[in-house]
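Worksheet for the structure shown next.
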Amino acid sequence: MVSLQDLQRINRFEWEIPQSYRPDMRVPVRIFATRQLLEQIKNDKSLEQATNAATLPGLVDRVVVMPDVHQGYGFPIGGVAATRLPHGIISPGAIGYDINCGVRLLASQIEFDAVKNHLSDLANTLNHLCPSGVGKKGHLRLKNVELEKVIRDGSQWTLQRGYATEADLRRTEEHGRLEGADPTMISKRAKDRGRPQLGTLGAGNHFIEVDVVDQVFHPQAAQVMGLITGHLVVMIHCGSRGFGHQICTDYVREFQSAVKRYSIQLPDRELVCAPLDSPEGQAYLGAMRGAANYAFANRQVLVHFARQAFEEALAGKVHNWHLHQVYDITHNMGKIETHEVDGVPVEVCVHRKGATRAFGPGFQELPAEYRSIGQPVLVPGSMGTASWVLVGTAESMQRSFGSSCHGAGRTMSRSKAKKLIWGEDLLKELQSRGIHIRAGSMAGLAEEAPQAYKDVDAVVETVHGAGIANKVARLRPVVVIKG
Amino acid sequence: MHPKSHFGFREIAHTADWELEVWAPDLGTLLVQAARGMYHLAEAKLSSHPRLNRKIEFSFQEPETLLIDFLTELIFLTESEGLAFDQYELQFKGNQLIALVSGAKLESISKEIKAATYHNLIIRESERGLIANIVFDV
């Protein structure tokens, strides 16, 4: 178990586990955290898992750990690792089962005060139109040929079918479509799971939230994004559903033998991987990109129904109920990017698991209007607490492979949360604070209680203080839809 | 279930996901206990009727992979057909397993299980027989 004595303090917000900590580590682990957050982080196996991740073949520079990190099932949630092309590895477990789980933010011209008496109706309509919960199927029924288009084209497919606007796609990471998705590398079983689930939220920590822009810290960036104090915004958090889960399952299974073929020694079987330039690595990359495209399309279809819900609930009550897209980001993904390592540009596969891309100003990959401010970084808090909008910085490019945090990060197990917190009590408490909750189950609600998470404000202050993202706006929830 | 029982399962605290410790005198019973533990954590409730049966065949090189394959199959059947099972008859023939499972459509289920993972998965022998710790992504 890694102890605080094993860490070297770099500065108030950065710590390092040196490569010498374990003989099999190929790179050091750099942790972004305050001392106070470290005290929480050390209580689970996050840092042990980060040192395991640091043994992966082909790593460059360092494994990065975000302040919202928590223990996962191999690679820590809140970890970033980059492997050098062409021979470095790709690891499905370092991306996660929910491939391209991500967050989308929509903004509006709707003043909270104008609609505060209609929020219950809005919550009911959102809950009705946006399918959520375990095993829930969507409104769409895709045939195989349509699913293959979703796999290849992602959000482009939703644009062709009238679920998206050009502006939505422009303000989505990768325009909502990763090149190189290969449906032939995806199993029938994954496709069977994916067909009925497009446009569904799922369960667990996935949600649709209506928030009020509570405070603006970066007026220029907020103006560019259309974030206005006192106005409503919508945040959607979900991923590739059973489709992505099955793809990851299939490749973690297949890579159990691939690591033997490539003589890769690992401390944990869930970290199985294959060289990027191997047939196995290329197959997974093609399948993973397909799942990513499915997830982009999934969130886009949910946007369509969220817009419909706003129209049904608020038309006639406000003049303009339109929701415009601020941005859509992924926080479980493997991306081929170029980063400077020891002063030299290197092409790498950046594994981000529970971590968000946070490119600084000037990158061509960003929509033109965001190139001067940096990429929006969307950080949902725990239920009932604040969420945040940040922007990436030039420093994030140098110190975290252009990455930042993705949320608050759990500190308490689900079983402990259920023992300590009664779902009905939590519901009443949140409602007394003016938050309208629609949840699939009270037990599920208790598991996601704010007490089970770190303080998202402390997480955000850390990435801001460390310089890997800058604060733009703080959001306060008023409606939460959970599966 | 009490850890001193001949076979059983119990939840181990995990920050984000589920960890299940499972023990049994033999591999077949271990698989059954893992399935029962998984459905228990998911709070799966079966309809009283009609009863539905499935025959599932596995080939395996090592027991850990079989354990994950078995659970993965059950997760798939839960999501794709809304089924869960409470009776199991397992027949081993060399490195083949034929599982005859009986259950019903789900009346309700509280949790979505994304996957059964290989995280630190080792089936080990102990005084209690075989023990495994399985982490589920939820």
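Note that these values count all heavy atoms, side chains included, but never hydrogens, waters or copies made by symmetry. Within every chain, numbering begins at 1; the chains are lettered A, B, ... in the order of the sequence lines, protein sequences first and strands thereafter.
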**Top of Ala115(B), Ser110(B), Gly82(B), Ser108(B) for chain A proximity - count of heavy-atom pairs under 4.5 angstrom** = Ala115(B)

**Prompt:** Is it true that a side-chain atom of His119(B) and a backbone atom of Leu271(A) form a donor plus acceptor pair closer than 3.5 Å?
**Reply:** no

**Message:** With a 4.0 Å cut-off on N to O distance, would you call Glu43(B) and Lys418(A) a salt bridge?
**Reply:** yes

**Request:** Under the salt bridge (charged side-chain N to carboxylate O under 4.0 Å, His left out) rule, what do Glu62(B) and Arg269(A) come out as? Steps first, then yes or no, please.
**Result:** CA-CA 13 Å; Glu62(B) 41 133 14; Arg269(A) 294 180 66 171; 2.5 Å; yes

**Item:** Spacing of CG belonging to Asn43(A) relative to OG1 belonging to Thr15(B), to within rounding of 0.5 Å
**Value:** 8.5 Å

**Prompt:** If you count heavy-atom pairs under 4.5 Å with chain B, which of Arg241(A), Arg414(A), Arg189(A) comes out on top?
**Reply:** Arg189(A)

**Asked** Given Gln256(A) and Glu64(B), is the side-chain contact (heavy atoms from CB on, under 4.5 Å) satisfied, shown in steps?
**Response** CA-CA 11 Å; Gln256(A) 296 296 319; Glu64(B) 286 87 357; over 6 Å; no

**Item:** Proximal component of Pro267(A), with respect to chain B [non-hydrogen, under 4.5 Å]
**Value:** backbone

**Fill in**
Ranked by heavy-atom pairs below 4.5 Å to chain A, first place among Thr72(B), Asp69(B), Ile113(B) goes to Asp69(B)

**Leu420(A) atom CG, over 12 foreign heavy atoms within 6.0 Å** = yes

**Asked** Looking at Thr117(B) and Glu270(A), what are the two nearest heavy atoms and their distance?
**Response** CB-OE1, 3.4 Å

**Prompt:** Of the listed residues (Lys137(A), Arg193(A), Gln49(A)), which shares the most heavy-atom pairs with chain B below a 4.5 Å separation?
**Reply:** Arg193(A)

**Message:** If I compare all heavy atoms of Lys114(B) with all of Tyr97(A), which pair ends up nearest, and what's the gap?
**Reply:** CB-CB, 4.3 Å

**Request:** Check whether Ala42(B) gets within reach of chain A through its side chain, its backbone, both or neither, counting any heavy atom under 4.5 Å.
**Result:** neither

**Prompt:** If you look at every heavy atom in Tyr118(B) and Asp268(A), which pair is closest and at what distance?
**Reply:** O-OD1, 3.8 Å

**Fill in**
Scanning both residues in full, the closest heavy-atom pair of Glu112(B) with Ala203(A) reads OE1-N, 3.6 Å

**Asked** Counting a contact as any heavy-atom pair under 4.5 Å apart, which residues of residues 245-253 of chain A contact chain B?
**Response** His245(A), Gln246(A), Thr249(A), Val252(A), Arg253(A)

**Request:** Please state whether the side chain, the backbone, both or neither of Val135(B) comes within less than 4.5 Å of a heavy atom of chain A.
**Result:** side chain

**Rounded distance [0.5 Å steps], CZ in Arg195(A) versus OG in Ser80(B)** = 11.0 Å

**Asked** Non-hydrogen atoms of chain A under 4.5 Å away: do they reach the side chain of Ile109(B), the backbone, both or neither?
**Response** both

**Spacing of OG belonging to Ser257(A) relative to CD belonging to Gln61(B), to within rounding of 0.5 Å** = 10.0 Å

**Residue pairs, two or more places apart or on separate chains, that pass salt bridge (Lys or Arg N to Asp or Glu O under 4.0 Å) and touch residues 37-55 of chain A** = Arg22(A)-Glu48(A), Arg35(A)-Glu39(A), Glu39(A)-Lys42(A)

**Prompt:** Can you say whether Glu81(B) sits under 4.5 Å from chain A via the side chain, the backbone, both, or neither, judging by heavy atoms?
**Reply:** neither

